[in-house]
Amino acid sequence: MISHQFKALTVTRSDQNGFKREVVSRNVEDLPDHDVLVQVHYSSLNYKDALSASGHRGVTRNYPHTPGIDAAGIVESDRGGTYARGDPVVIIGYDLGMNTDGGFGQYIRIPAGWVVPLPEGLTLRESMIYGTAGFTAAMAIDRLERHAIEAGQGEILVTGATGGLGVMTVALLSQLGFEVVAATGKLERQGFLREVGASRVISREQVTEGHQQPLMSRRWTAAVDAVGGAMLDAALKSVSDGGAVAACGNVASGALNTTVFPFILRGVTLYGIDSAHFSLEERKDLWAKIAGPWKIRSLERLATEKGLVDLDPEIDRILRGQQTGRILVNLGH
Ligand SMILES: NC(=O)c1ccc[n+]([C@@H]2O[C@H](COP(=O)([O-])OP(=O)(O)OC[C@H]3O[C@@H](n4cnc5c(N)ncnc54)[C@H](OP(=O)(O)O)[C@@H]3O)[C@@H](O)[C@H]2O)c1
């Protein structure tokens, strides 16, 4: 049994029923009792991590806890023998960082069934610029393509566009030749969104205005939504006949009040995207696509690198909806 100390950003309950985040020293022996021990080189910050880091019980029930739903690193040992010492691997989703110590620690121990070999064509660092946000963007786009949504058919709406999921979706869609309309609350970042690949940038209100009506004018072929609530309602009511909406997130609201008219008068389809429970086989196939034909050419401009000690303000920023792009976490190995 390896016994050594490592650094982790750990969240503990503070006296006033609040939560405190600090970088502490932990011991590998205290990690959960699973087969695969991984030395984590990179992680990334997602909205779900910020919920976990602020005591959201829907994500994490027990504290002290180390968040981080994403991790990429090198296998140190595998009791089950599936992986060899030195294998580069990627882990996103399942219970990582929720109620299992996550990628904001320099080591994780997880079941072999959560592990994907680092796909050929990606470095550990690049895999975490994608992380859950990029993987989910790819899942949503793959879902739309299987719905026969093709480039050249019209505009695709992306909501929460400056966020992690939004930016990855805009970048990938535009590289695949789609015309992307980015909806954002940060119009001052429209230059960035255009650089990333948006053909047009509009405000959140330009999407939601009039959404209380039973149906809205046909505006988009499809939509990828990170926001929920009125935004998702508006997206459903404004995609054209036979179109599709991929619902991915709930930063504004988990509620959906809508009408049946988009479904029964326009044949619109609502797809739910759940990256955490995607099967391992499908996960490997999608990672291969992400690392190969779908590899985003200018990944680095989508991310800002931070160390564990710099994460606290970034977590607050993502909770306020003020983050732009991806935060790549360097674990310092
Ligand atoms: N289903 C899945 O498997 C999956 C995977 C990854 C993420 N998600 C979910 O997707 C959502 C986004 O995650 P993320 O990591 O990309 O978060 P993020 O980086 O914080 O991005 C969210 C973006 O949404 C917009 N926004 C924030 N608050 C808003 C509000 N009240 N009303 C309207 N827009 C708002 C902001 O973009 P603008 O300022 O540009 O509008 C913000 O940057 C979260 O709900 C997350 O849980 C789900």
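Read the numbers this way: they start at 1 and go in the same order the structure lists the ligands and their atoms.
Residues Val196 and Ser174 have side chains not in contact (no heavy-atom distance under 4.5 Å, counting atoms from C-beta outward). You'll find the side chain of Glu145 reaches within 4.5 Å of the side chain of Phe178, heavy atoms only. In this structure, Asp101 and Arg26 have side chains that are in contact, with non-hydrogen atoms separated by less than 4.5 Å.
In the displayed structure, Lys295 atom NZ is contacted under 6.0 Å by more than 12 heavy atoms of other residues, nucleotides or ligands. Residue Glu188 places its CD atom among more than 12 non-hydrogen atoms of other residues, nucleotides or ligands, all under 6.0 Å distant. Environment of CZ in Arg320: crowded, with over 12 heavy atoms of neighbouring residues, nucleotides or ligands closer than 6.0 Å. Residue-environment remark: NZ (Lys186) exceeds the threshold of 12 foreign heavy atoms within 6.0 Å. Summarising the local packing, CG of Asn257 is surrounded by 12 or fewer heavy atoms from other residues, nucleotides or ligands at distances under 6.0 Å.
Nearest non-hydrogen protein atom to atom 40 (O) of ligand 1 is Thr184 OG1, 2.5 Å. Of all protein heavy atoms, the one lying nearest to atom 17 (O) of ligand 1 is Tyr47 CB, 3.4 Å. When hydrogens are left out, the protein atom nearest atom 26 (N) of ligand 1 is Arg204 NH2, 3.4 Å; that is the closest non-hydrogen contact. Of the protein's heavy atoms, Ile273 O, 3.6 Å lies nearest to atom 2 (C) of ligand 1. In this structure, the protein non-hydrogen atom closest to atom 7 (C) of ligand 1 is Leu165 CD2, 4.3 Å. The single protein non-hydrogen atom nearest to atom 48 (C) of ligand 1 is Cys248 O, 2.8 Å, given as residue, atom name and distance. In terms of protein heavy-atom proximity, atom 19 (O) of ligand 1 is closest to Gly164 N, 2.8 Å. With hydrogens left out, the protein atom closest to atom 22 (C) of ligand 1 is Val251 CG1, 3.9 Å, a heavy atom.
With a heavy-atom cut-off of 4.0 Å, Gln323 touches ligand 1 through its backbone alone. With a heavy-atom cut-off of 4.0 Å, Thr136 touches ligand 1 through its side chain alone. By the criterion of a heavy-atom distance under 4.0 Å, neither the backbone nor the side chain of Met231 is placed next to ligand 1.
A donor-acceptor distance shorter than 3.5 angstrom exists from the side chain of Gln106 to the backbone of Lys7, with no hydrogens or angles considered.
Not a single heavy atom of Ala133 sits under 4.0 Å from any atom of ligand 1.
Every atom of ligand 1 is numbered from 1 in the order shown, and the set under 4.0 Å from a heavy atom of Thr162 is 37 (O), 38 (P), 39 (O), 40 (O), 43 (O). Less than 4.0 angstrom separates some heavy atom of Asn250 from each of these atoms of ligand 1: 45 (O). Against a heavy-atom cut-off of under 4.0 Å, Gly249 is close to the following atoms of ligand 1: 9 (C), 10 (O), 11 (C), 45 (O). When each atom of ligand 1 is checked for a heavy atom of Ile318 under 4.0 Å away, the hits are 18 (P), 19 (O), 20 (O). Close approach of ligand 1 to Val227 (heavy-atom distance below 4.0 Å) involves ligand atoms 33 (C), 34 (N). For ligand 1 and Asn46, the ligand atoms under 4.0 Å from any heavy atom of the residue are 15 (O). With ligand atoms numbered from 1 in the order given, ligand 1 contributes 27 (C), 36 (C), 42 (C), 43 (O) to contacts under 4.0 Å with heavy atoms of Gly321. The Ser275 neighbourhood of ligand 1 comprises atoms 2 (C), 3 (O), 5 (C), with distances under 4.0 Å to a heavy atom of that residue.
Ion pair Glu195/Arg301 not flagged as a salt bridge, since none of the NZ, NE, NH1 or NH2 atoms sits closer than 4.0 Å to an Asp/Glu carboxylate oxygen.
Each of Ile290, Thr136, Val158, Leu299 was checked for a side chain to side chain contact (heavy atoms under 4.5 Å, CB included) with Met168, and the lone residue meeting it is Leu299. The side chain to side chain donor-acceptor pair (under 3.5 Å) test with Ser279 is passed by exactly one of Glu281, His277, Glu282: Glu282.
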Next item on the list: Go through Phe104 and Leu45 one step at a time and tell me if the side chain to side chain contact (heavy atoms under 4.5 Å, CB included) criterion holds.
Entry: CA-CA 9 Å; Phe104 295 171; Leu45 178 63; 4.0 Å; yes
Next item on the list: Apply salt bridge (charged side-chain N to carboxylate O under 4.0 Å, His left out) to Asp142 and Arg146, showing your working.
Entry: CA-CA 6 Å; Asp142 186 60; Arg146 284 189 283 127; 3.3 Å; yes
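Checked by distance only, ligand 1 and Asp274 stay at 3.5 Å or farther apart across all their nitrogen or oxygen atoms. When only interatomic distances are considered, the shortest N/O to N/O separation between Lys48 and ligand 1 does not fall below 3.5 Å. Inclusion of Ala252 in the set of residues having an N or O under 3.5 Å from an N or O of ligand 1 is not warranted. The N/O atoms of Gly166, backbone and side chain alike, include none that comes under 3.5 Å of an N/O atom in ligand 1. Geometrically, ligand 1 and Thr132 share no nitrogen or oxygen pair separated by less than 3.5 Å. Checking only distances, Gly185 does come within under 3.5 Å of ligand 1, N or O to N or O.
The closest non-hydrogen atom to atom 23 (C) of ligand 1, taken over Gly229, Ala247, Gly160, Gly93, comes from Gly160.
In this structure, Arg283 forms a cation-pi arrangement with Tyr94, its terminal cationic atom sitting closer than 6.0 Å to the ring centre and no more than 45° off the ring axis.
Annotation for Leu9 and Leu308: closest pair CD1-O, 3.8 Å, computed over non-hydrogen atoms.
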